[in-house]
> 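Mind having a look at this structure? Questions to follow.
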Amino acid sequence: MSDNSAEFLIKKLRIRKDRDDGSVVYDITSVINEVNIYEHIDKPYLTAQVLFADNDRIVERTEISGTEIVEIEITTDDGKLGYTIEKNFIITEIVRSVKTNDSQELVGISLIEDIGYYSRLIRLQKSYNGKPVDIIRDILIDNLNRELFNISGSQFKESSDMKVVIPNLNPLDAANWIKDRASSQNGMPFFLFSTICDDRIRFLDLEKILQLTPLNEGIYDYVYLQGSSGGFDAQDPRQNYIIRNFAYAGAEDQLMLARKGFINSTYNFIDTITNKSHTSRIDANEIFAGISFEPRQNIPVYDGNALINDRKMHDYNTSEISQIASSHTFEDGNYNYYQSDDTNSHMLKAKSKALRYFLHKTPIEISVPGHNFLHSDVNHSIGNLINVSFKANSTSYMEDDGSNNLDKRKSGSYMIYATRHIFQSDIYSAVVSCAKLAYKSQSGAI
Amino acid sequence: MKTIQEEYYGDSFRWFVGIVVSNNDPLKLGRVKVRIRGIHSSNIDDIPTNDLPWAQVVIPSTEGGISGIGKMGQIQNGAQVIGFFADGLSSQLPIVIGSLHYIENDKDVTVQNNKTQSVPLDGQTTNTDVRTGEGRKIDSLNLPGGSNGEKIFNYLKKQGLTDEQAAGVIGNLSAESNLNPAALNPNDVGKPAFGLAQWRADRYSSLIDFSNQNGLDYKTLEAQLPFMMYELETQSWLGYGSLKKATTVSEATRVFERKFERPRPGTFEKRFNFAQIAYDLYSSS
């Protein structure tokens, strides 16, 4: 893609209603006001909202009833790339319809990616066995004919395969439930998600994500500058890295993490067959000490030296979490959902859960040009890292390393966990939700 | 997205009722396998019995609760039990707290037009066995044919076997019992063997359980033929898949001998001869 000249556009948006007696298709591309497509790293399907002007009795003629397929094609405005993204959604509801004049209504509809809709119509009572990734792959293929793209390099640590009976969950909920059981060799959580760039469901662990090179490494950091243009002209590629707006809210709630048992707590995994209990403690300080961060981003989001009443928070044993984890459930040697080889393996599950929560301790939401987040069929959005820089509010305070121009709390490498792609007229922008496990430790150029 | 997360195992409670389908606990802890209504599909293709988890069984506080003191549970296959999941909504770790008696013969089984039909508790008529939940169809109690050989042949054909496959099975059964469903060998390697296929040990017990659960006399063709099909369809190692692929009498005889009967070596010729006779007598070709 050549710099900022190629904005993505909605090429086609059609509502199709399939019926026994034939299909009705209505192209509403020309009357679209705005399309929002949402990706989230915890959702194996996309959602969307479309706002359009109905001046041709579209809602009435297509008889929208919450079953219609919405075909969306997104492409570049100059057509030079020759690349088009095609996604199918299904209408879940008409959110609102407002009369703007005698001959026109503004209609907002909510959509869910077809796989998410189909999944909710299916109920699973079925047994599966294998590694978590194998079970998820089988569930997706058996029930939704959807391919799993396993990007993770990590393996399930247990020595035996797992066997489960899906307890009346729909296929995607079942896959997500299995995903929650998986953890990497070092206790990092897994993610199962769908992206805008293709139809594959991605399976990826945090360990792998933290090893990725940020998408904008060696190019430009995303930078917050007051004023939308930042003084760059339209042809300057730097304008694609300007943060137009940001939200830094709901952050640093360490008390919540402590109460949920992720700072320091006792975990019991009780085996009612052997009458033994695997007991251990989770300690946030130890968790973060075991993670190897990149040099420029190595101050953990958990401050192990902070004192509460003269005690470090990880010295408080805040919770006791107990779970039945009986063994020998199956005669063929397969493990059940809870079974693990030993106490250390059990604790990987606890650590994985804790890190999933720690990721959201320092969330930030940035509004940026969408240009960088759609590139052919390669995912440039959720599950990737980006570098973000915020200028310090004051330059009077000098850091040990001599830097004084960067807000190191907000700056650094973030994992993208959700993206809202906004297509409005001929402008494509994105609201990107980010999370991280460490703060910036060195100054970076703006 | 729905997630299932519990911090204390007692916080989430889900109880169940179900039918015991196996009490042969390999750990000898008195555990049972329960096909739980509403959680475990009655379709054994979706959840084979082998994939059902072993459920621990609560014993009364009047028993010792430790090794060597008190009685073990006595729950039998076909019993309707009530219990709860130790892991709540995830529903992977069932625990049985007792059994619920139910009417076994008067209301849940009716005989219409010489066919046995089970009436499940939801009132819908079906041929699926509601007590074992194994989805067995026992709808051929009126076995057509004159001799036992012809009855067995016709039954197997009705189950979807070819002439060659049916003959191969009959050849084996002839060698085992002379097609006498009441044949008893009191000492087959130290244990009694009984019936058409000379079932012994756990399989002999299972024949009796299966027959009782379905209101059938285990000494009859009417019980033993459905039981044989039940074994073939639910226990893949008995070779049903290979049998269905057999295209000749010889091949079918060999498969059934090796997978289902597993006798001492040296009896194939006898089995094949019986099978060939059955084929000549009953085959439609």
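Hydrogens, waters and symmetry mates play no part in the numbers below; they use all other heavy atoms, side chains included. Here is how names work: the chains are called A, B, and so on, in the same order as the sequence lines, proteins then strands, and each is numbered from 1. Predicted, not measured: the structure shown is a model, and the values here were computed from it.
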> Quick one: what part of B:I39 sits under 4.5 Å from any heavy atom of chain A, side chain, backbone, both or neither?
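For B:I39, the contact with chain A is made by backbone and side chain together.
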> Taking all non-hydrogen atoms of both residues into account, name the closest pair between B:S91 and A:P167 and its distance.
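So the two residues come closest at CB-CB, 3.7 Å.
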> Counting only non-hydrogen atoms closer than 4.5 Å, does B:D25 touch chain A with its backbone (N, CA, C, O), its side chain (CB onward), both, or neither?
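For B:D25, no heavy atom lies under 4.5 Å from chain A.
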> So, B:Q56 side chain and A:T272 main chain: donor-acceptor pair closer than 3.5 Å or not?
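Yes, because the side chain of B:Q56 sits within donor-acceptor range (under 3.5 Å) of the backbone of A:T272.
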> If you measure from CD1 on A:I324 to OH on B:Y8, what distance do you get to the nearest 0.5 Å?
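A:I324 atom CD1 to B:Y8 atom OH measures 8.0 Å (nearest 0.5 Å).
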> Do you know the tightest heavy-atom contact between A:T329 and B:P53?
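For A:T329 and B:P53, the tightest heavy-atom pair comes out as CG2-CB, 3.0 Å.
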> Between the main-chain N or O of A:K163 and the side-chain N or O of B:D51, is there a donor-acceptor pair closer than 3.5 Å?
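Absent.
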> Given the options B:L29, B:I36, B:I47, which has more heavy-atom pairs under 4.5 Å with chain A than any of the others?
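Winner by heavy-atom pair count: B:I47.
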> What part of A:L124 is in contact with chain B, defined as an atom under 4.5 angstrom from a non-hydrogen atom: side chain, backbone, both or neither?
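Neither part; nothing is under 4.5 Å.
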> Any chance you could measure A:N129, atom CG, to B:N50, atom CG, to the nearest 0.5 Å?
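Output value for this atom pair is 9.5 Å.
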> So which atom in B:W54 and which in A:E331 form the shortest heavy-atom distance, rounded to 0.1 Å?
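B:W54 and A:E331 have their closest heavy atoms at NE1-OE1, 3.0 Å.
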> Tell me which one of A:R123, A:K126, A:Q125 satisfies side chain to side chain contact (heavy atoms under 4.5 Å, CB included) with B:S41.
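Passing option: A:Q125.
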> Any side-chain donor-acceptor pair under 3.5 Å between B:D87 and A:Y338?
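There is such a pair between these side chains.
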> Any heavy-atom pair between the side chains of B:H40 and A:V165 that's under 4.5 Å?
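Result yes, sub-4.5 Å side-chain heavy-atom pair found.
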> Tell me, yes or no, whether the heavy-atom count around B:K191 atom NZ, taken from other residues, nucleotides or ligands under 6.0 Å, exceeds 12.
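At most 12 heavy atoms, drawn from other residues, nucleotides or ligands, come within 6.0 Å of this atom.
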> Do other residues, nucleotides or ligands put more than 12 heavy atoms under 6.0 Å from the CG atom of A:N275?
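Count not over threshold, so no.
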> For the pair B:Q92 (side chain) and A:V164 (backbone), establish whether a donor and an acceptor sit closer than 3.5 Å, ignoring hydrogens and angles.
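Not at all, since once roles are kept as given, no pair shorter than 3.5 Å links the two residues.
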> To the nearest 0.5 angstrom, please state how far the CD1 atom of A:I166 sits from the CG atom of B:D46.
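If we round to the nearest 0.5 Å, A:I166:CD1 and B:D46:CG are 11.5 Å apart.
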> Using non-hydrogen atoms only, which part of B:L93 is less than 4.5 Å away from chain A: side chain, backbone, both, or neither?
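Looking at B:L93, just its side chain touches chain A.
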> If you count heavy-atom pairs under 4.5 Å between each of A:S326, A:S319, A:S127, A:S265 and chain B, which one has the most?
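Maximum pair count with chain B is reached by A:S127.
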> Would you mind reporting whether B:R31 and A:I273 have side-chain heavy atoms less than 4.5 Å apart?
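Yes, their side chains come closer than 4.5 Å.
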